[in-house]
Amino acid sequence: MAHRIHTLVIVLIVSAVSPAVSRPRFREAPQFYNSAGCPPPLPPSPTAECHRDALVHVAMTLDVTYLRGSMAAIHSVLQHSSCPQSIQFHFVASSRIPYLNSTLGNAFPMLAFKIYDFDDRLVAGRISTSIRAALDRPLNYARSYLAGILPSCAGRVVYLDSDLILVDDIARLAGTPLPSDVVLAAPEYCNANFTSYFTPAFWSNPTLSLTFSDRKPCYFNTGVMVIDLDRWRAGGYTDQIEEWMDLQKKMRIYELGSLPPFLLVFAGRIAAVEHRWNQHGLGGDNFRGLCRDLHPGPVSLLHWSGKGKPWVRLDAGRPCPLDALWAPYDLLQTPFNIEDS
């Protein structure tokens with residue numbers, strides 16, 4: 001019986017870099033090749049057009065501050081994929097960074113990717129101050145605009161944050177079934193206190209408090225999502241998210257950046273994904289970034305959401321135990337790299 005293979009798009013969203021920031025240098029990653037039975041390899045190119053025959057289209061947000069994390073994430077995706085040469089990467093940038101194409105091409109010579117522009121003005125007037133400055137960057141909201149940025153051949157995408165690594169084949173995540181009336185899939189955490197993601201002003205409003213009356217909402221982390229962009233476009237979900245952001249500018253109904261609008265639109269209406277695909281919170285909370293343990297159960301993806309990032313803690317000589325799992329994917333080239341001697 002023939003098996004249907006879903007496609008994914010890897011989208012990295014890149015912000016402008018200050019002239020004062022020195023250019024990071026990365027060593028070349030090992031080459032990873034397709035297994036027998038994979039689709040034909042995609043032609044490596046920094047300007048590749050969208051390939052309908054790509055096995056994987058994945059989406060990732062990236063601020064230049066997190067370029068090191070993004071390089072490690074790409075490395076992990078390729079290393080654990082059965083068909084790494086059939087994955088296409090689409091990078092979305094708020095402005096062109098002169099060295100980005102060469103940085104990616106040098107580290108991943110066989111990579112098929114293209115960079116798309118993201119217009120910060122789409123969200124600049126809609127962003128409200130949240131509990132952590134990193135959550136207020138325009139690119140943190142770019143995940144809401146993927147349907148308008150990516151070409152139509154990217155029908156299904158896997159969106160990934162930059163502060164994570166995969167230790168499993170991403171095709172398994174991409175193949176998550178989506179019922180006909182569902183737009184996205186993500187691991188749900190129904191034991192979390194859902195009401196805490198919105199302010200008392202939201203819950204005390206007689207109209208707003210009815211938002212979830214016809215569904216059973218659960219918290220989900222927007223750093224790992226499988227999204228059907230065709231259904232997103234047809235349903236006008238970007239407009240719905242923008243309506244909640246506009247309301248937030250008039251009355252404060254939430255505190256956490258780009259997450260609450262997703263919850264308002266999609267919570268209780270998504271397809272569930274096994275928790276193994278987002279072992280999140282490894283960066284601690286949004287204030288102190290303390291060490292945390294894994295959730296019980298198997299692991300396919302480790303996610304350092306929260307304030308603490310593994311590369312920062314490793315460089316400071318104060319790593320958490322789980323940061324050692326991120327380190328093998330780090331491609332940063334240091335002045336004392338033994339491989340260069």
Side-chain angles (χ1 to χ4, degrees), residues 59 61 122-123 126-132 135-136 140-148 156-159 161 173 176-281 285-286 295 303 305-306:
T61 57
L122 288 171
V123 295
R126 294 187 166 99
I127 295 176
S128 301
T129 303
S130 65
I131 61 174
R132 184 157 62 93
L135 302 177
D136 301 336
N140 196 43
Y141 293 81
R143 69 196 79 190
S144 302
Y145 294 87
L146 294 177
R156 174 183 287 219
V157 307
V158 171
Y159 176 86
D161 274 349
L173 174 60
T176 301
L178 288 178
S180 60
D181 59 343
V182 172
V183 176
L184 68 83
E188 291 182 297
Y189 303 91
C190 296
N191 291 330
N193 181 6
F194 188 81
T195 60
S196 66
Y197 291 96
F198 303 96
T199 64
F202 174 87
W203 294 114
S204 63
N205 184 288
T207 301
L208 297 179
S209 61
L210 297 176
T211 300
F212 302 103
S213 61
D214 62 343
R215 42 184 162 145
K216 296 180 180 179
C218 294
Y219 161 74
F220 65 93
N221 181 281
T222 55
V224 179
M225 297 183 288
V226 180
I227 308 173
D228 188 310
L229 290 184
D230 291 332
R231 296 176 188 175
W232 183 295
R233 296 178 183 110
Y237 289 102
T238 295
D239 292 339
Q240 295 183 39
I241 287 175
E242 286 183 336
E243 289 175 4
W244 285 111
M245 293 173 66
D246 291 341
L247 179 60
Q248 165 76 351
K249 297 292 288 186
K250 299 174 182 177
M251 59 180 294
R252 198 161 184 85
I253 58 175
Y254 55 79
E255 305 287 353
L256 271 177
S258 64
L259 169 64
F262 263 85
L263 296 179
L264 287 161
V265 174
F266 293 111
R269 296 170 175 165
I270 71 173
V273 176
E274 288 183 87
H275 288 181
R276 67 187 303 152
W277 287 106
N278 194 354
Q279 287 274 350
H280 69 291
D285 60 24
N286 284 304
H295 305 289
H303 186 188
S305 58

Open item on the list: Any non-hydrogen side-chain atom of D214 less than 4.5 Å from a side-chain atom of R269?
Closed with: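 SC-SC contact between D214 and R269 confirmed.
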Task: Among Y237, W244, Y219, ring pair (Phe, Tyr, Trp, His ring centres under 6.0 Å) partner for F266 - done: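 With F266 as partner, ring pair (Phe, Tyr, Trp, His ring centres under 6.0 Å) holds for just one option, Y237.
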Between [atom1] on residue [X] and [atom2] on residue [Y], distance to nearest 0.5 Å:
X    : Y    : atom1 : atom2 : value
T222 : N140 : OG1   : CG    : 7.5 Å
N193 : T195 : CG    : OG1   : 3.5 Å
L208 : F198 : CG    : CZ    : 10.5 Å
Y254 : M245 : OH    : CE    : 5.5 Å
H303 : N278 : NE2   : CG    : 6.0 Å

Smallest separation among heavy atoms of [X] and [Y], with atom names:
X    : Y    : result
T238 : S144 : OG1-O, 2.7 Å
L184 : L178 : C-CD2, 3.7 Å
A201 : M251 : O-CE, 4.1 Å
T207 : N205 : N-OD1, 2.9 Å
Q248 : I253 : OE1-N, 2.7 Å
P187 : V224 : CD-O, 4.0 Å

Counting only N and O atoms by type, is there a donor-acceptor contact under 3.5 Å from the side chain of [X] to the main-chain atoms of [Y]?
X    : Y    : value
R215 : A267 : yes
Q279 : H295 : yes
W277 : L173 : no
R233 : A147 : yes
H280 : F220 : no

Task: N-O pairing of K249 and D246 below 4.0 Å - done: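 Not counted as a salt bridge, because no side-chain N and carboxylate O are separated by less than 4.0 Å.
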Task: All pairs passing disulfide bond (SG atoms under 2.5 Å apart) where residues 197-269 contributes a residue, at least two apart - done: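 Applying disulfide bond (SG atoms under 2.5 Å apart) to every pair that reaches into residues 197-269, excluding sequence neighbours, yields C190-C218.
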Open item on the list: Show, in sequence, the C-alpha distance, side-chain angles and deciding distance for F202 and L264, and conclude whether the side-chain contact (heavy atoms from CB on, under 4.5 Å) test is met.
Closed with: CA-CA 11 Å; F202 174 87; L264 287 161; 3.7 Å; yes
TODO: Could I get the full list of side-chain hydrogen bond (donor to acceptor under 3.5 Å, both in side chains) partners for E242, not counting sequence neighbours?
DONE: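 Once residues adjacent in sequence are excluded, the partners of E242 under the side-chain hydrogen bond (donor to acceptor under 3.5 Å, both in side chains) criterion are R126, Y145.
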Open item on the list: With a 6.0 Å cut-off on the ring centroids, do F194 and F212 count as close?
Closed with: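 They qualify: ring centres under 6.0 Å apart.
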Open item on the list: Under the criterion side-chain contact (heavy atoms from CB on, under 4.5 Å), I'd like the reasoning laid out for S305 against N221: C-alpha separation, chi angles, the key distance, then a yes or no.
Closed with: CA-CA 9 Å; S305 58; N221 181 281; 4.2 Å; yes
